[in-house]
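Below, read A as the first sequence line, B as the second, and so on, with proteins coming before strands; counting in each chain starts at 1. Worth saying up front: this structure is predicted, and the values here are computed from it rather than measured.
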There are 2 protein chains.
Amino acid sequence: MPKSREPQRVRIEDVAEWAGVSIATVSRVLNKTGRVTEETAELVREAVEELGYVPHAAARGLASRKTNTLGIIFPEIAGLFFSALLRGIEAYVAENGYQPLLYSTQGKKLSRHNPLPLNEGNCDGLIIFTDSLDESYLRQLHERGFPMVILHRTPPEGVNIPCITFENKQGARQMMEHLLGVHGYRRIAFLGAEGVEDSTWRELGYREALAAYDVSFGLIGNGKFLEPAARHVVQGWLADGIVPEAIFAADDESARGAIAAIQESGRTVPQEIAVVGFDDTLLAQYWSPPLTTVRAPIEEAGRAAAAQLIRLIRTGQADPLTLLPTELIIRRSCGCPVRNSGR
Amino acid sequence: MPKSREPQRVRIEDVAEWAGVSIATVSRVLNKTGRVTEETAELVREAVEELGYVPHAAARGLASRKTNTLGIIFPEIAGLFFSALLRGIEAYVAENGYQPLLYSTQGKKLSRHNPLPLNEGNCDGLIIFTDSLDESYLRQLHERGFPMVILHRTPPEGVNIPCITFENKQGARQMMEHLLGVHGYRRIAFLGAEGVEDSTWRELGYREALAAYDVSFGLIGNGKFLEPAARHVVQGWLADGIVPEAIFAADDESARGAIAAIQESGRTVPQEIAVVGFDDTLLAQYWSPPLTTVRAPIEEAGRAAAAQLIRLIRTGQADPLTLLPTELIIRRSCGCPVRNSGR
DNA sequence: GGTAAAAATGTAAGCGCTTACATTCTAGCT
DNA sequence: AGCTAGAATGTAAGCGCTTACATTTTTACC
């Protein structure tokens, strides 16, 4: 049985033949490398158009050892945080002639034994988002000289991979100042995510502020940065008769969970328990009550990561640490009176 | 000046040498193709481990004409809709040994003159999301025999590309039945997005329902599926003294905008104007009032798209049309009394 | 018109793999 | 021991490009 018509791929050779030139010339026209008479160039372009030629990315990458692609490693694809980050990356990357290639580890931790599908073969550099690669693997990649930047995670010791993160501690500190200083709350609980570095820093800000105000009350729950988990934790507290004056959720999703748990218990936010968050995603301004939170410039972080990576690829240099400032967004859930919608 | 230490890439040749075998054997072990003694295989695996060898994806792709990668084309990266879809795709694709490669057109419409960076060179097939490719380009790709599926858009005439979409008209119809039949509303406005196919179908459902109930009132605004645009449209209506009994927003973001505009005008939802949406994303259950909407199985759509594409790649066959059912989610914004939170 | 430098184009050697085919080895026969 | 089928492994030809270098053509100038 004859194989069903295998649609012939158009190759550079076909273009060359059509235009009556050599493949080298075609390549030169396409890549604008080397000089070619305008006449010939036009002829080649016509051939490309006529035949519908599209260069084969893999072949090109193999031959030139560049892919013009940046790999982006995410632990999972979810939520607005991710969207915003990606938007920032994408915008910057596109402006600079690269295309982003995404890979999500879906919770699996990658190591040398379970290596990344993204490597020199298909991208020129990597943006690594949080904790998805184990330390020795990260180190190995880095030693190979593969350009990488890390988002929201300090690189392992001795490995100087550029890092982009928020002023987490500082932001948390500010929020706590507001809760402690303006509202006078003392019994403030913290809802973090164990093992997530952002959360750890925010927690540190929380602790420091508490210490600064000489408050001995401290309550820390693991809301895993997920609404259901956070809701569950707070339900547990309330059931056990532990009723803080305020809950500082280390991200907006946890805040959402906390509010749900409190409201389900028949209590009101912020009158009985205030709740504040971190990130300012999730349309938090539309919640009831509108959420007081710390705005993290997520999109900006994406842009910064892309910028550092491209710089690293091109010049071999990049800033070891980029710290992005956060901003306190006061709405209603902390107990403040209406002022502005925080738009 | 000597070039700074160029870190040598480990190639299959190095592995072969270390293990004392030929590169063909290494390849066979790695791809589990052809027979190799367990002894030799083990030796090769040791070499791989020892040297930290990772195959070069481009070279592999070039030689084998397979990339195990699926390209996913999005108009833009934004919102929860996208996240959910991607999650569905990613889950299915990963289970089947592929990895997704994303490309966002950022609003630009791609054509033959501005071709896709994703092609035979770096992926084995394409999932195309809405209107990001022009018709003749789509046709050309299809004629080349490149496997593709389309999400939320009917393929151009004569081109039988498998298509995955929601029961948009049906879902809109159901919602309208609720508004017309249960609540008895007659002055119902529609907030769509011009040129978006999903919106067009939903609008058709809206019109049909109106006709079925012999309602002559009809008001259609272009909210562009964006909160600010929708808000603006509704502000305009209200300012002009046009006050419908209900607004059917063709997606949740527009619904959000409509609610905002109404509330800003000092009116209440749903008492004075009811608002309903479509998609059930965006934590719509937490809004104030909780949004009555049509749930579209977004994640399921992603999964279905991936499934069809992989089937197409492997067998050359796929279902021409996959229609995913929607579900009416009654909450409060339509005027219904509290029943359940729609969790 | 002749010559040399510059410009334009062509030739061919890879890039790091897979894989068809060739070769060598092993084991089971006679 | 000698022979052979089958298993194990090796050899080498590409995959479709880029690019260093070789060659040819043009231009500018004497």
Side-chain angles (χ1 to χ4, degrees), chain A residues 6-44 47-48 51-69 115 117 119-124 144 146, chain B residues 6-44 47-48 51-69 115 117 119-124 144 146:
Chain A
E6 175 93 14
Q8 272 312 101
R9 173 165 239 288
V10 181
R11 288 151 314 154
I12 197 171
E13 202 187 320
D14 305 316
V15 176
E17 193 177 333
W18 196 99
V21 299
S22 75
I23 60 168
T25 301
V26 175
S27 175
R28 279 189 282 255
V29 172
L30 260 38
N31 300 301
K32 306 195 203 325
T33 122
R35 37 204 340 135
V36 178
T37 350
E38 180 48 37
E39 229 174 327
T40 322
E42 189 47 39
L43 199 58
V44 168
V48 167
L51 300 170
Y53 170 69
V54 179
H56 190 291
R60 191 179 254 198
L62 189 55
S64 67
R65 323 58 233 298
K66 305 193 248 106
T67 61
N68 292 320
T69 295
N119 57 56
E120 293 99 319
N122 40 28
C123 56
D124 300 338
R144 272 219 207 318
F146 197 55
Chain B
E6 176 92 14
Q8 272 314 101
R9 172 165 238 288
V10 180
R11 288 151 314 155
I12 197 172
E13 203 188 319
D14 304 317
V15 177
E17 192 177 334
W18 197 99
V21 298
S22 75
I23 60 168
T25 301
V26 175
S27 175
R28 280 189 281 255
V29 171
L30 260 37
N31 300 301
K32 307 196 204 325
T33 123
R35 38 207 336 136
V36 178
T37 355
E38 180 47 37
E39 228 174 328
T40 321
E42 189 46 39
L43 200 58
V44 169
V48 167
L51 300 170
Y53 169 70
V54 180
H56 190 290
R60 190 180 257 199
L62 189 55
S64 67
R65 309 81 218 294
K66 303 193 250 105
T67 62
N68 291 321
T69 295
N119 57 55
E120 293 98 318
N122 40 28
C123 55
D124 300 338
R144 272 219 206 319
F146 197 54

Can you give me the N/O atom pairs linking the protein to nucleotides 12-18 of chain C at distances under 3.5 Å, or say none if there are none?
residue : atom : partner : partner atom : Å
C:dC15  : O4'  : A:R65   : NH2          : 3.4
C:dC15  : O2   : A:A63   : N            : 3.3
C:dG16  : N2   : B:A59   : O            : 3.3
C:dC17  : OP1  : B:Y53   : OH           : 2.7
C:dC17  : OP1  : B:H56   : N            : 3.4
C:dC17  : OP2  : B:I12   : N            : 2.8
C:dC17  : O5'  : B:Y53   : OH           : 3.2
C:dT18  : OP1  : B:N31   : OD1          : 3.4
C:dT18  : OP1  : B:N31   : ND2          : 2.9
C:dT18  : OP1  : B:R60   : NE           : 3.1
C:dT18  : OP2  : B:S27   : OG           : 2.6

- Task: Please confirm whether the backbone N or O of A:V54 pairs with a side-chain atom of A:R9, one donor and one acceptor, at under 3.5 Å?
- Result: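 Yes; judged by distance alone, with no hydrogens or angles, the pair exists.
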- Okay, side chain of A:D124, backbone of A:N68: is any donor-acceptor separation there less than 3.5 Å?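 Yes, A:D124 side chain to A:N68 backbone: donor-acceptor pair under 3.5 Å.
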- Message: So, using salt bridge (charged side-chain N to carboxylate O under 4.0 Å, His left out) as the criterion, who are the partners of B:D14 when residues are at least two apart?
- Response: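 B:D14: salt bridge (charged side-chain N to carboxylate O under 4.0 Å, His left out) contacts with B:R11.
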- Item | For A:E38, salt bridge (charged side-chain N to carboxylate O under 4.0 Å, His left out) partners two or more places apart |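 A:R45.
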- Work out which heavy atom in A:L62 is nearest to a heavy atom in B:A58; give both atom names and the distance. N-CB, 4.4 Å
- Got a sec, which residues hit side-chain hydrogen bond (donor to acceptor under 3.5 Å, both in side chains) with B:T40, two or more places apart in sequence or on another chain?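 B:T40: side-chain hydrogen bond (donor to acceptor under 3.5 Å, both in side chains) contacts with B:T37.
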Check nucleotides 4-8 of chain D for protein N or O atoms closer than 3.5 Å to its own N or O atoms and list the pairs.
residue : atom : partner : partner atom : Å
D:dA8   : OP2  : B:R35   : NE           : 3.0
D:dA8   : O3'  : B:T37   : OG1          : 2.9

- Note on the structure: Here the distance between atom C1' of C:dT9 and atom CD of A:E39, to the nearest Å, is 14 Å
- B:K66 atom NZ is separated from C:dT19 atom C1', nearest whole Å, by 11 Å
- Rounding to the nearest 10°, end axes of the helix from C:dG1-D:dC30 to C:dT30-D:dA1 built from five pairs each make an angle of 50°
- Message: Which residues pass the side chain to side chain contact (heavy atoms under 4.5 Å, CB included) test with A:T69, not counting sequence neighbours?
- Response: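 Side chain to side chain contact (heavy atoms under 4.5 Å, CB included) check on A:T69 returns A:T67, A:Q99, A:L101, A:C123.
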- Query: Do any side-chain nitrogens or oxygens of B:T25 fall under 4.0 Å of OP1 or OP2 in D:dT9?
  - Reply: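 No.
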Using distance only, find each side-chain donor-acceptor pair of residues 16-23 of chain B under 3.5 Å and give its atom names and separation, not counting sequence neighbours.
residue : atom : partner : partner atom : Å
B:S22   : OG   : B:A24   : N            : 3.4
B:S22   : OG   : B:T25   : N            : 3.4
B:S22   : OG   : B:T25   : OG1          : 3.4

- Item | side-chain contact (heavy atoms from CB on, under 4.5 Å) assessment of A:R60 paired with A:N31 | CA-CA 11 Å; A:R60 191 179 254 198; A:N31 300 301; 3.5 Å; yes
- Verdict with reasoning, B:E42 to B:V29, per side-chain contact (heavy atoms from CB on, under 4.5 Å): CA-CA 9 Å; B:E42 189 46 39; B:V29 171; over 6 Å; no
